[in-house]
Number of protein chains: 2
Amino acid sequence: MARALGVSATTVSRALKDHYSIGKSTIRKVKKKAAEMGYEPNAIASSLRKKKTNAIGVIVSHINRPFISSLISGIEAVCSRYGYNVIITQSLDSYKKEREDVKTMFNSRVDGLIVSLAAETDRYEHFDPFIKNNYPLVFADRVSFEIDTDKVLVDNFDAAYMATNHLIGQGYRRIGHLAGVQQRHMYQKRLEGYLTALRDHRMPVDENVIHYSKLSYEDGINGAETLLNRDLRPDAIFASNDTSAIGFMQYAEECGYSIPDEIGVVGFNNDPVSSIIRPQLTTIDHPAVEIGKKAAEIVLDKVSGKSQTQIPQTISFKTKLLIRNSSVKGSPRGGSNAS
Amino acid sequence: MARALGVSATTVSRALKDHYSIGKSTIRKVKKKAAEMGYEPNAIASSLRKKKTNAIGVIVSHINRPFISSLISGIEAVCSRYGYNVIITQSLDSYKKEREDVKTMFNSRVDGLIVSLAAETDRYEHFDPFIKNNYPLVFADRVSFEIDTDKVLVDNFDAAYMATNHLIGQGYRRIGHLAGVQQRHMYQKRLEGYLTALRDHRMPVDENVIHYSKLSYEDGINGAETLLNRDLRPDAIFASNDTSAIGFMQYAEECGYSIPDEIGVVGFNNDPVSSIIRPQLTTIDHPAVEIGKKAAEIVLDKVSGKSQTQIPQTISFKTKLLIRNSSVKGSPRGGSNAS
DNA sequence: AGATATTACACAATCGATTGTGTGAAAATT
DNA sequence: AATTTTCACACAATCGATTGTGTAATATCT
């Protein structure tokens, strides 16, 4: 292309990169010409030759969810800093779509792939192309331990334990749980942490105060409707996400229960809404952006060959319990913008 | 590659696409072999040759915002259906970053570009590579009329007019406004719609009840603090987004004002939080996903050559006013899950 | 049977940047 | 002055799929 300015393509290519074998005057000349004719190198051709696309693939369930979009934001921030593009698809929690997405990503020859698994997924052969070719593959947040890859997640067990422990410490005696799909490891761990905390305090475990669902706002309402009508209703609830916790809380209030005095509520994720809702929701701070950043760093380290270890690592972030008004008896209903 | 099975690359390439000039038996043979050796075509090479990447670029300000992530979700849904990848970058509302992003997108040779402008942006030369090469370029939501491209947005004037009109109809007599950065066309139009509604009802316009900001939650609080301490405080507010509306509302409540009886509040966007907060927030339903879908459709139509017209079109979505409790005097504070 | 049409595939160029190797010319060395 | 070293650049192959053209082999027709 730019060889219409007298020199060979070789020279142009090398001049633009300050190659040692090109004369200084030529470099200046080429750069000037390139600038004035608005020349931009074709990344496609470069990718083909270098077998490197400078693109990282990301597969998530739904882009428009607070947690997921923060995750992506973190990934993009890191990738962009290192000159990598981010290609995104959403599996919509469908195993089939996820399969296709993985294939698409592979065909696009992304340099690495970050995945937050679809809810449906319970087999993992579709990741074989990446595994077998030793392409960087990192699972973020929604991971599976049935496949041997790098994983970045939070310590769900610990977080759930903290949350439940907190409710116990606040004097609640019959703590229920809104549990998620047990297919996903994260929700299993949250249930386990909850159960273990109860047992450690020699409190009875009652399956009747555990409600399984997909944790939507409506599921929270349904959960409240179900659990609060039991003979022995719970006097507190630990929900596996904020959305369902708020559904639960609002239904309980409509039934005339006072939060937190009669029923304590703890959520999970620290969605923006949790600090805006009144009473403010006690929840687990989930470092979504950090997880995204870390996942991206791992992938990029592998891509650049910086990372030595071939054995997959699992990075587990510690979470923080954010104690707010929904779980502390005697709290004011509104105000006190302490987040 | 797959020519290690007896035939030429030509034949393989054509067999996989059921080219007419390839024998049926050969096609079957090639496909079988390809399947069993897990052959996947290299999209990069294909892109280079066909000058088509099957990728659409998306530049937004911040990925992790309810509105933006929904926009992206819509874009991805359409692109994915037509076999296109979505490459995303976030400008972080920086003009400089947006510039770089556009260049990156161009170098990646995306087949089309969808942009929601950075708040800072007030020049548009960086889009020249797309304009001059006649690559599809569509602005979504945060558009500018200083550059001649396709645009997809909502009728901000009409929405603001409706919102203000509604407040007037509810008997509020001194309606304030939380206005956004006037750099952006959308916030100008919302201000105009607000002003026009007032004038049409022969109500006085008072700059003292208009508060300009970036519309964060804190900006909403500041706005309330400022406006409610004026000699003639507003008895209602129309905010240019939900986030600031909620900040305003909560601060007002903390000051002891009753919403909606003493002060009416209307937001903009229909963020998820708006129907969860109590009192539920009257707001404008902003079809973010639809805007994303439409923008993607326009781009893809141009890419595939379906679209005849060369003259840029502006698609303006009508919005709906969602009347909830924050603006209807005598409404109950909580409950009534009518969204 | 000979001529024409059809079928089935291979050849070779191409997309645009990259990179190892080759080669003149200028500079440095003995 | 002859030789070695350094410098500055061009040649040509390559990445892998695509595509217009060429050409055998088979089928169809008169």
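None of the values given here were measured: they were computed from a predicted structure. Each chain gets a letter, A, B and so on, in the order its sequence line appears, and its residues count up from 1.
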Examine [N]: is either OP1 or OP2 under 4.0 Å from a nitrogen or oxygen in the side chain of [X]? Give yes or no.
X       : N      : value
B:Tyr39 : D:dG16 : no
B:Thr26 : C:dA8  : no
B:Lys51 : C:dG16 : yes
A:Lys17 : C:dT18 : yes
A:Ser8  : D:dC9  : no

Counting side-chain heavy atoms from C-beta on, which of [options] comes nearest to [X]?
X       : options               : value
A:Val7  : D:dA10, C:dT18, C:dC9 : D:dA10
A:Thr10 : C:dC9, C:dT19, C:dA17 : C:dT19
B:Thr11 : C:dC11, C:dC9, C:dT18 : C:dC9

How long is the line joining [atom1] of [X] and [atom2] of [N], in whole Å?
X        : N      : atom1 : atom2 : result
A:His19  : C:dT18 : NE2   : P     : 11 Å
B:Arg28  : C:dA8  : CZ    : P     : 12 Å
A:Ile22  : C:dT18 : CD1   : P     : 13 Å
B:Leu16  : D:dT18 : CG    : P     : 9 Å
A:Lys52  : C:dT18 : NZ    : P     : 12 Å
A:Lys50  : C:dC15 : NZ    : C1'   : 17 Å
B:Leu48  : D:dA17 : CG    : C1'   : 9 Å
A:Asn107 : D:dT18 : CG    : C1'   : 16 Å

Between B:Tyr20 and B:Asn42, which residue's closest nucleotide on DNA chain D lies nearer the 5′ terminus?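 Residue closer to the 5' terminus by nearest nucleotide: B:Asn42.
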Do B:Asp150 and B:Lys302 have side-chain heavy atoms sitting under 4.5 Å apart?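 B:Asp150 reaches B:Lys302 side chain to side chain.
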With the side chain counted from C-beta on, respond yes when B:His126 and B:Thr121 share a heavy-atom pair under 4.5 Å apart, and no when they do not.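 With C-beta onward as the side chain, the pair touches.
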Which residue lies toward the 5' end of DNA chain C, B:Lys29 or A:Ile44, if each is placed at its nearest nucleotide?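 The residue closer to the strand's 5' end, by nearest nucleotide, is B:Lys29.
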Starting at the 5' end of DNA chain C, which residue's closest nucleotide do you reach first, B:Arg49 or B:Ser25?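 This one resolves to B:Ser25.
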When we call it a touch if two heavy atoms are under 4.0 Å apart, what does [X] touch: a base, just sugar-phosphate, or nothing?
X       : value
A:Ser47 : nothing
A:Ser21 : base
A:Ser46 : sugar-phosphate

Among B:Val78, B:Leu113, B:Val299, find the residue that satisfies the side chain to side chain contact (heavy atoms under 4.5 Å, CB included) test when tested with B:Ile56.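 Only match with B:Ile56 under side chain to side chain contact (heavy atoms under 4.5 Å, CB included): B:Val299.
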Starting at [atom1] of [X], measure out to [atom2] of [Y] and round the result to the nearest 0.5 Å.
X        : Y        : atom1 : atom2 : result
B:Tyr187 : B:Lys214 : OH    : NZ    : 10.5 Å
A:Arg99  : A:Ser91  : CZ    : OG    : 14.0 Å
A:Thr149 : A:Gln313 : OG1   : CD    : 10.5 Å

Has the side chain of A:Lys97 got a donor or acceptor atom that lies under 3.5 Å from a matching backbone atom of A:Gln90?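 At least one qualifying donor-acceptor pair exists.
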Under 3.5 Å, is there a donor on one side chain and an acceptor on the other for B:Ser8 and B:Thr11?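 Their side chains do contain a donor-acceptor pair, which is all the 3.5 Å distance test asks for.
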Output one letter per nucleotide in nucleotides 21-28 of chain C: B when a protein non-hydrogen atom lies under 4.0 Å from the base, S when only the sugar-phosphate is that close, - when neither is. --------
